[in-house]
Amino acid sequence: MNYALVTGGSRGIGSAICIKLAEMGFAILLNYKSNDEEANKTKQKIEALGLPCELLKFDVSNPEETTAVLTNWLDAHKDAKIEVLVNNAGIRQDNLIVFMPEEQWHSVINSNLNAFYYISKIVVKNMLAARYGRIINIVSLSGTKGMAGQTNYSAAKAGVIGATKALALEIAKRNITVNAVAPGFIATDMTKDLNEKELSEHIPMKRFGTPQEVADTVGFLASKSASYITGQVISINGGLST
Ligand code: NAP
């Protein structure tokens, strides 16, 4: 069985990505942090497509927990190939820097940037052995352009973009591609506190994007059709300048 591991797969963009990859025939390893109800809903949708979905509940910002769950899973599935890794889990905690407590800085860096390191380090070993892999990192317009009130989040996402480019060079010769997808405003729980109507006025396409629109690009990058694309950042933002 060929597996796709999606972090933050319970809701929003991650859930749409899990379903897209299941439609492409992958068995899904769905990571999430705490929302059992939403994780089970996505699992049921995947199983309804006739594909297996295993829930891997762990906090991607916790290195011990992440390492324990992933290494135990790999030890228990000796022949399993994780062909696709989507580093999607993320949080934002916006604040102007002068008001930002250290905790807010570190939790956003840990969940968005350090998690990339904790997970990729383990999964890349599995891909190197298989001499094949697709890694897709979900970053943000905030990381390509910078956004006021998001120094922590912009720094974390820009960090993942740098890591995407570096890792792509490290493992290209083993047939493993590493790319990033940078959404603008996408309608999910993460953006439900924003004024969608007002912000849409500034978006050339005059609307927020959908999780499906992000998942379709991730599906392409995860496919054999994207075999010569690596180290790239693809923006999905309705025309906002990056
Ligand atoms: P969301 O609706 O808030 O969902 C976040 C997902 O990440 C949930 O599945 C959540 O699990 C999981 N998660 C959060 N922290 C985690 C942790 N420490 N360990 C494991 N799982 C964790 O977010 P979204 O809008 O779909 O965003 C997905 C990705 O796209 C993020 O990386 C985000 O930064 C990026 N992005 C989003 C937008 C946007 O406009 N929505 C724009 C640009 C980039 P639980 O359900 O268990 O809480």
Side-chain angles (χ1 to χ4, degrees), residues 5-20 28-43 45 53 55-70 85-94 106-119 136-147 150 152-161 163-164 180-196 199-200 202-203 205 207-215 217-218 233-238 240 242:
L5 168 60
V6 180
T7 68
S10 50
R11 295 182 281 128
I13 294 171
S15 174
I17 291 171
C18 286
I19 292 161
K20 177 73 192 177
I28 305 297
L29 301 175
L30 188 163
N31 156 263
Y32 68 110
K33 185 180 173 185
S34 57
N35 196 328
D36 300 318
E37 197 184 329
E38 290 301 310
N40 276 302
K41 270 193 214 160
T42 302
K43 179 178 159 73
K45 287 181 192 164
C53 175
L55 299 181
L56 297 182
K57 186 176 180 178
F58 61 88
D59 178 351
V60 296
S61 69
N62 179 319
E64 291 80 24
E65 210 180 305
T66 300
T67 305
V69 174
L70 290 182
L85 165 63
V86 185
N87 285 304
N88 165 78
I91 55 163
R92 49 170 269 254
Q93 290 181 6
D94 301 351
H106 289 300
S107 67
V108 169
I109 298 286
N110 284 338
S111 302
N112 294 282
L113 175 59
N114 293 342
F116 160 85
Y117 162 74
Y118 304 143
I119 295 161
I136 299 124
N137 300 317
I138 310 301
V139 293
S140 171
L141 177 69
S142 186
T144 53
K145 186 182 189 294
M147 282 197 195
Q150 293 195 325
N152 49 359
Y153 186 74
S154 294
K157 294 300 194 185
V160 175
I161 291 171
T164 299
V181 162
F185 293 100
I186 308 297
T188 68
D189 291 344
M190 186 180 267
T191 50
K192 70 179 178 209
D193 62 323
L194 304 178
N195 187 332
E196 184 169 344
L199 283 165
S200 293
H202 303 285
I203 301 170
M205 286 193 177
R207 64 173 178 88
F208 278 18
T210 64
Q212 187 64 48
E213 287 171 316
V214 180
T217 301
V218 172
V233 184
I234 299 185
S235 291
I236 305 177
N237 60 28
L240 278 169
T242 47

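In each ligand, atom 1 is the first atom listed, and ligand 1 is the first ligand listed.
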List the residues meeting ring-ring contact (aromatic ring centres under 6.0 Å, His included) with Phe185, not counting sequence neighbours, and say none if there are none.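 Checked Phe185 against ring-ring contact (aromatic ring centres under 6.0 Å, His included); matches are Phe208.
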Can you tell me how far CG of Asn112 sits from CG of Asn87, rounded to the nearest 0.5 angstrom?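 One gets 10.5 Å once the value is rounded to the nearest 0.5 Å.
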What's the spacing between Leu5 CG and Leu70 CG if we round to 0.5 Å?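 CG of Leu70 is found 6.0 Å from CG of Leu5.
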With distance as the sole test, does Asp59 use its side chain to make a donor-acceptor pair with the main-chain N or O of Glu65 at under 3.5 Å?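 Judged by distance alone, no pair lies under 3.5 Å.
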With Glu196, which residues qualify under salt bridge (Lys or Arg N to Asp or Glu O under 4.0 Å), at least two apart?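 Salt bridge (Lys or Arg N to Asp or Glu O under 4.0 Å) list for Glu196, sorted by chain: empty.
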Donor-acceptor contacts, no H, no angles, side chain residues 7-15, under 3.5 Å, sequence neighbours left out:
residue: Thr7; atom: OG1; partner: Asn88; partner atom: N; Å: 2.8
residue: Thr7; atom: OG1; partner: Ala89; partner atom: N; Å: 2.9
residue: Arg11; atom: NH1; partner: Asp189; partner atom: OD2; Å: 2.7
residue: Ser15; atom: OG; partner: Thr42; partner atom: OG1; Å: 2.9

Identify, chain by chain and in numerical order, each protein residue with a heavy atom under 4.0 Å from an atom of ligand 1.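 Answer by chain and number: Gly8, Gly9, Ser10, Arg11, Gly12, Ile13, Asn31, Tyr32, Lys33, Ser34, Asn35, Phe58, Asp59, Val60, Asn88, Ala89, Gly90, Ile91, Ile138, Val139, Ser140, Tyr153, Lys157, Pro183, Gly184, Phe185, Ile186, Thr188, Asp189, Met190, Thr191.
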